[in-house]
Student: 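Next up is a structure, given as structure tokens.
Note that this is a predicted model, so its numbers are computed, not measured. Order of the sequence lines fixes the chain letters, A, B, ..., with proteins taken first and strands second; residue numbering starts at 1 for each chain.
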2 protein chains.
Amino acid sequence: MPQPPAPRRTLGRPPRFSRAEVVAAARRIVDAEGVDRLTMRRLATEIGSTPMALYHHVRNKDQLLVLLLDDYAARTLRRPELPDEPRERVVVAAAAIHEALADCPWIVEVLTADDLMSASALWFVEQIVDGLVAGGLPPERAVHGYRAIWYYTAGEIMIRATATRRRTGDDKPTYRDQVFAALDPDELPRLSQVAQRWAPLTAEDTYLDGLRALVDGLLAAR
Amino acid sequence: MPQPPAPRRTLGRPPRFSRAEVVAAARRIVDAEGVDRLTMRRLATEIGSTPMALYHHVRNKDQLLVLLLDDYAARTLRRPELPDEPRERVVVAAAAIHEALADCPWIVEVLTADDLMSASALWFVEQIVDGLVAGGLPPERAVHGYRAIWYYTAGEIMIRATATRRRTGDDKPTYRDQVFAALDPDELPRLSQVAQRWAPLTAEDTYLDGLRALVDGLLAAR
DNA sequence: GCGAGTTTCTATACATGTAAGAAAAGTAAC
DNA sequence: GTTACTTTTCTTACATGTATAGAAACTCGC
């Protein structure tokens, strides 16, 4: 016996779509056409509505991107086997977050949204804080340590992402190249020494090295 | 005897203003009215021209902001006395950059522009790279080390800046607060343990602690 | 002086995020 | 049903960055 469409218990005009549907539609657009095509108008047509209707489900486009990131994290973050040794546990957990984020370059615009507070990322945060505590830090310092790791990780992703984006744009010499070409070896000997190697050197992916150094430093007894 | 206005040696219509004037005008606007008021139209009227004329002096608004940052760095970056001890030299040099940038929060939108390549900042980069070399790193690793420090520094500034910007907006509980209020102590014991202290803890300024840890880790023999 | 070439400036137009307010579609009280 | 109220949606409008096309202002060779 088909129930009558469950009696509405909420006042007001019933919504034609939910926030979840908005996020799902946004995901379809991003996956199929790239993040540049994700505009509020495009999203509205995808959902069969008008741009301003979306604003009753998300506060603004930034929040939409945060939700998209949450959605992405929930779908792709898998909990890896973590080593027992505290230092290595921290490194592996942070690297897992980094890898997931680096795979999805459009997040950059969202990444400054304070902490990475997707519920599905919390487990990794827990592992990092716990690893730091197991390594000998008091809880407060462990939180600070996690923050430092997060600053480093987010900074790396943001800077690297915009760098590659610019590089694909045009191949003209960048501002950086000009500056490096005009170095005065007497005043800046070290930079002159590495000037020619600067571009390839900074293009290398050394996230893990830096992360290890940071975690080592955090866990070193002082 | 007043020289006739030095004979033009360049072809084409003479410019009505220079890039330097554009940057100066932009600085006046930012100083007097805040960065939000810095629009291409507002800048054009300030200079007595039209918006599109600006685009012959700067590539786009992003580049204008980079130039503004360069200008700011050239005016405010002073070279401090640096300690001889390599580790401390690196820390002090990095902290000086950090302090200068943190004082001018509008840079955030620019900070991902790869390296901080203002000519006046290069001296600090030199000091950092040189300090790392003096600390025992081969030049390549010193450059990587500088990059790590830059990721950490830029990430800290970007994340902290957007965090405070949001906080000033409204005092509603943030998404983060909601997530933390709903923690499951069995699954995430450490986070539950520090949940109430999370906001104040992460509001603390621990840039220097993290920096020291990172430099320590970079310089530790492996 | 004149046409060609070069550089800079102007006018116009468009896509975008989103503010403001009116309209629509429901429930509840009568 | 009618009215009041609430919530969602739609319409319209605006500020912004910037693309495009062409006009304007100069130098140079003649």
Student: Grab the stems for DNA chain C, please: at least three consecutive Watson-Crick or wobble pairs, both distances below 3.5 Å, written as range with range.
Tutor: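 Runs of three or more consecutive pairs: C:1-30 with D:1-30.
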
Student: Any donor and acceptor pair, going by atom type alone, linking the side chain of A/Gln63 with main-chain N or O of A/Arg59 inside 3.5 Å?
Tutor: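 Side chain of A/Gln63 to backbone of A/Arg59: a pair is present.
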
Student: Expressed as a whole number of angstroms, how long is the span from B/Met40:CE to C/dC9:P?
Tutor: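 For the pair B/Met40 CE and C/dC9 P, the rounded distance is 13 Å.
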
Student: Answer yes or no: is there an ion pair linking A/Glu204 with B/Arg147, defined by an N-O contact shorter than 4.0 Å?
Tutor: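 Salt bridge absent between A/Glu204 and B/Arg147.
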
Student: A/His98: which residues meet the ring pair (Phe, Tyr, Trp, His ring centres under 6.0 Å) condition with it, sequence neighbours left out?
Tutor: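 If we apply the ring pair (Phe, Tyr, Trp, His ring centres under 6.0 Å) test to A/His98, skipping adjacent residues, the hits are A/Tyr207.
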
Student: Quick one: does any side-chain atom of B/His144 pair with a main-chain N or O of A/Thr202 as donor and acceptor, under 3.5 Å?
Tutor: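 No, B/His144 side chain to A/Thr202 backbone: no donor-acceptor pair under 3.5 Å.
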
Student: Quick check: are there more than 12 heavy atoms from other residues, nucleotides or ligands sitting under 6.0 Å from CD of B/Glu99?
Tutor: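 Open.
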
Student: When you compare the side chain of B/Leu38 with that of B/Leu68, does any pair of heavy atoms fall below 4.5 Å?
Tutor: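 Yes, their side chains come closer than 4.5 Å.
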
Student: Does anything in residues 39-68 of chain B form a ring-ring contact (aromatic ring centres under 6.0 Å, His included)? List the pairs, not counting sequence neighbours.
Tutor: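 Qualifying pairs, neighbours excluded: B/Phe17-B/His57.
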
Student: Quick one, give me the B/S/- string for nucleotides 7-14 of chain D, reading 5' to 3', where B means a protein heavy atom under 4.0 Å from the base and S means that only happens at the primed atoms, P, OP1 or OP2.
Tutor: BBBBB---

Student: Between the side chains of B/Tyr72 and B/Arg27, does any donor sit under 3.5 Å from an acceptor?
Tutor: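 Distance-only check fails for B/Tyr72 and B/Arg27.
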
Student: For side-chain contact (heavy atoms from CB on, under 4.5 Å), just list the numbers for A/Val143 and B/Gln193, CA-CA rounded to whole Å, side-chain angles, deciding distance to a tenth of an Å, and then say yes or no.
Tutor: CA-CA 11 Å; A/Val143 171; B/Gln193 183 187 356; over 6 Å; no

Student: Rounding to an integer number of Å, can you tell me how far B/Asn60 CG sits from D/dT16 C1'?
Tutor: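 My rounded result for the distance is 14 Å.
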
Student: Using a cut-off of strictly less than 4.0 Å between a heavy atom of the residue and any atom of DNA chain C, enumerate the qualifying residues of residues 20-39 of chain B by number.
Tutor: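 Residues of residues 20-39 of chain B that come under 4.0 Å of DNA chain C do not exist, since none gets that close.
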
Student: Please enumerate all residues that pass side-chain hydrogen bond (donor to acceptor under 3.5 Å, both in side chains) together with A/Arg37, with sequence neighbours excluded.
Tutor: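 For A/Arg37, no residue satisfies side-chain hydrogen bond (donor to acceptor under 3.5 Å, both in side chains) once neighbours in sequence are set aside.
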
Student: What is the distance, to the nearest angstrom, from the OH atom on B/Tyr55 to the P atom on C/dA11?
Tutor: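 Atom OH in B/Tyr55 sits about 17 Å away from atom P in C/dA11.
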
